[in-house]
Amino acid sequence: MTSTQAPPFRLALRGDLLDFTGMPDWGAVTSPAVRWRPDHWLLVENGRITGVQPASQPLPGEGWQQQDHRGRLILPGFIDTHVHSPQLDVIGSYGTELLDWLNTYTFPAESRYAQAAESESGAARFVQALLSHGTTTAVVFPTVHKISADLLFAESARRGMRLVTGKVLMDRHAPDNLRDDVVQAERDCIELIERWHGHQRLSYAVTVRFAPTSTPAQLAMAGALCAAYPGLYMQTHVAENREEVAWVQQLFPEARSYLDVYARAGLMNERSVLAHGIWLDAEDRAVLRDTGAQIAHSPSSNLFLGSGLFDWRATEDAGGRVTLASDVGGGTSLSMMRTVLDAYKIQAMQGQRLTGWKALHAATLGAAQALHLDHEIGSFEPGRLADVCVWDWAADPVAERRMSVVQSLHEQLFAWFTLADDRNLVAAYIQGVPQYWRAAMPSG
């Protein structure tokens, strides 16, 4: 459900507020970086957060539209740093690893987006699906077709939503109807950049599918675009699957590693978002540190496709940034809670324990910082835009019972991550405007 009304001049949301002031340490179930303010008002004026105060205190002045969510959890909206908008059509498909997955499921689904009607309906369906799962910002792969990026930008602009996307680049090793060429692709990218980059809350990402589907000439063109337009993002895949890594070695024998292919093309910088990064070595992690690039960890997809176990701790210990991503459709849910649960399992299999604090930070403030957007989103600091979600702590009798016996805040949050899903979402606000709500909005 959507709303076209202007944001209320003054909005006050009452509930249990949780956000971060810094990065929690590994394994720490108590952290000074956690900011927990139960039963508080979150004050929003003209779409921006202006303050927080205890619910016991009277609101400052008059004219507040009050929405009482007491007993519910209020969080900054989730940030999904890697997801494919056309792949809702193939989510939950059976039985292949990465390269077969692309040929069997992904490429046929993406070919339909050559049609404007398919791209338009797909963009609307995808954005609504994000919001209904509590995700208010995303870094998105559309398809190779210019129209797919154009209409995804348009749908996000209509919502006032923060989105990073761009036309996919593929000029080899793909079906005929999914290949572009260097000259036309560059022209399409420039037109999209000039139309959308910096418009409202939209940012363009130079979007290389992955190294095998771009010729060296196309990779060089992509690097030149990054250099020519300051502030652009770059998104791609790296070292997801061992067979894929071996293929890259054959295609680019001059490169030291898969990641080095991108570095040589000028694609590694502080706005680079690289999905997966499972099969990287110490030298690769040093490049991540030195360039400021981030790994968009996609645990659900990695498990579902059998790609491998990402070493989050090693990446961070080397100075790299790690954020969380659903990677739908290889991932099996747009829910960041499902994503967190799978991330926990992957780290546990490597002898590490991912706390609820570490995971929630990576999906909110940590992702905002990695994307250089923490001045706008990711926390409840005054001046941030009110991209906010309201959640029930429990949505069924099992969860209700579990919540009734928790002994600490971390235990409560971790149990919530484990047991919750999109059924727990009560409302999602973009700039203070409700863009999703489960039932009639409360009033005060």
Side-chain angles (χ1 to χ4, degrees), residues 15-20 23-31 33-36 38 69 71-81 83 91-92 129-130 132-135 296-304 309-310 312-313 322-328 330-367 389-428 438:
D16 299 335
L17 308 185
L18 179 57
D19 68 340
F20 294 90
M23 179 184 287
D25 292 332
W26 268 97
V29 296
T30 60
S31 172
V34 177
R35 185 160 51 183
W36 168 242
H69 296 288
R72 287 171 168 157
L73 176 63
I74 300 182
L75 296 175
F78 287 132
I79 302 167
D80 188 339
T81 56
V83 60
I91 190 170
L130 286 179
S132 69
H133 285 79
T135 296
H297 176 34
S298 307
S300 299
S301 172
N302 298 160
L303 291 172
F304 188 70
L309 305 178
F310 172 67
W312 187 334
R313 183 71 181 268
V322 178
T323 57
L324 278 170
S326 69
D327 192 28
V328 164
T332 53
S333 175
L334 290 170
S335 167
M336 293 307 286
M337 287 86 81
R338 302 298 95 226
T339 299
V340 164
L341 185 58
D342 283 340
Y344 176 82
K345 296 172 186 176
I346 283 177
Q347 298 314 307
M349 291 179 72
Q350 300 173 91
Q352 299 288 343
R353 297 296 169 180
L354 179 67
T355 66
W357 303 138
K358 190 75 176 174
L360 182 57
H361 176 269
T364 55
L365 179 61
C389 290
V390 180
W391 299 89
D392 281 329
W393 283 106
D396 60 54
V398 171
E400 288 171 0
R401 174 58 182 170
R402 182 68 181 93
M403 292 300 164
S404 74
V405 297
V406 296
Q407 298 296 309
S408 69
L409 180 59
H410 181 264
E411 185 180 353
Q412 184 176 3
L413 181 80
F414 191 82
W416 178 75
F417 267 134
T418 303
L419 300 173
D421 54 33
D422 56 301
R423 295 172 301 161
N424 293 65
L425 183 63
V426 177
R438 191 177 60 202

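Taking every heavy atom of both residues into account, Ala33 and Pro24 meet most closely at CB-N, 4.0 Å. Here the closest heavy-atom approach between residue Pro76 and residue Asp19 is recorded as CG-CB, 4.0 Å. Of all the heavy atoms in Met336 and Ala325, the pair that sits closest is CE-N, 4.3 Å. Cys389 approaches Gly134 most closely through the heavy-atom pair SG-O, 3.5 Å. Heavy atoms only, all atoms of each residue included: Ala359 and Phe417 are closest at CB-CE1, 4.5 Å. The shortest non-hydrogen separation linking Leu425 to Val390 is CD1-O, 3.4 Å.
Remark: Asp421 pairs with Arg423 by the side-chain hydrogen bond (donor to acceptor under 3.5 Å, both in side chains) rule, at least two apart or across chains. Annotation: side chain to side chain contact (heavy atoms under 4.5 Å, CB included) contacts of Ala420 (sequence neighbours excluded): Met337, Trp416, Asn424. Not counting sequence neighbours, the partners of Thr81 by the side-chain hydrogen bond (donor to acceptor under 3.5 Å, both in side chains) test are Thr323. Every residue meeting the ring pair (Phe, Tyr, Trp, His ring centres under 6.0 Å) condition with His361, not counting sequence neighbours, appears here in chain and number order: Phe20. Take Arg313 and apply the salt bridge (Lys or Arg N to Asp or Glu O under 4.0 Å) test, not counting sequence neighbours, and it matches Asp317. Shown here are the salt bridge (Lys or Arg N to Asp or Glu O under 4.0 Å) partners of Asp16, two or more places apart in sequence or in another chain: there are none. For Asp422, the side-chain hydrogen bond (donor to acceptor under 3.5 Å, both in side chains) criterion is met by no residue, not counting sequence neighbours. With sequence neighbours left out, Ser300 forms a side-chain hydrogen bond (donor to acceptor under 3.5 Å, both in side chains) with Asp342. Ser301 is linked by a side chain to side chain contact (heavy atoms under 4.5 Å, CB included) to Glu240, His276, Ser298, Leu305, Asp327, counting only residues two or more places apart in sequence or in another chain. Under the ring pair (Phe, Tyr, Trp, His ring centres under 6.0 Å) criterion, Tyr344 pairs with Phe414, sequence neighbours left out. Taking Leu409 as the reference, Trp36, Trp357, Gln412 meet the side chain to side chain contact (heavy atoms under 4.5 Å, CB included) condition, with sequence neighbours excluded. Not counting sequence neighbours, the partners of Val405 by the side chain to side chain contact (heavy atoms under 4.5 Å, CB included) test are Arg401, Arg402.
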Side chain to side chain contact (heavy atoms under 4.5 Å, CB included) between Thr135 and Ile79, worked out: CA-CA 6 Å; Thr135 296; Ile79 302 167; over 6 Å; no

Carefully, step by step, assess Trp26 and Leu354 under the rule side chain to side chain contact (heavy atoms under 4.5 Å, CB included). CA-CA 7 Å; Trp26 268 97; Leu354 179 67; 4.0 Å; yes

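Between the CH2 atom of Trp391 and the CG atom of Leu75 there is a distance of 7.5 Å, given to the nearest 0.5 Å. Here the CG-CG distance, from Leu73 to Leu18, works out to 6.0 Å after rounding to the nearest 0.5 Å. Atom CE of residue Met403 and atom CG of residue Leu419 lie 6.0 Å apart, to the nearest 0.5 angstrom. Atom-to-atom distance recorded for Trp312:CH2 and Lys358:NZ is 7.0 Å, nearest 0.5 angstrom. We find the CH2-CD distance between Trp393 and Glu400 to be 14.0 Å, quoted to the nearest 0.5 Å. Within the model, atoms CG of Asn302 and CG of Leu309 stand 8.0 Å from one another, a figure rounded to the nearest 0.5 Å.
Looking at Arg338, its side chain never comes within 3.5 Å of a backbone N or O of Gly331 through a donor-acceptor pair. Using modelled atom types, no side-chain atom of His410 and backbone atom of Thr30 make a donor-acceptor pair closer than 3.5 Å. In this structure, the side chain of Ser132 engages the main chain of Ala129 through a donor-acceptor pair within 3.5 Å.
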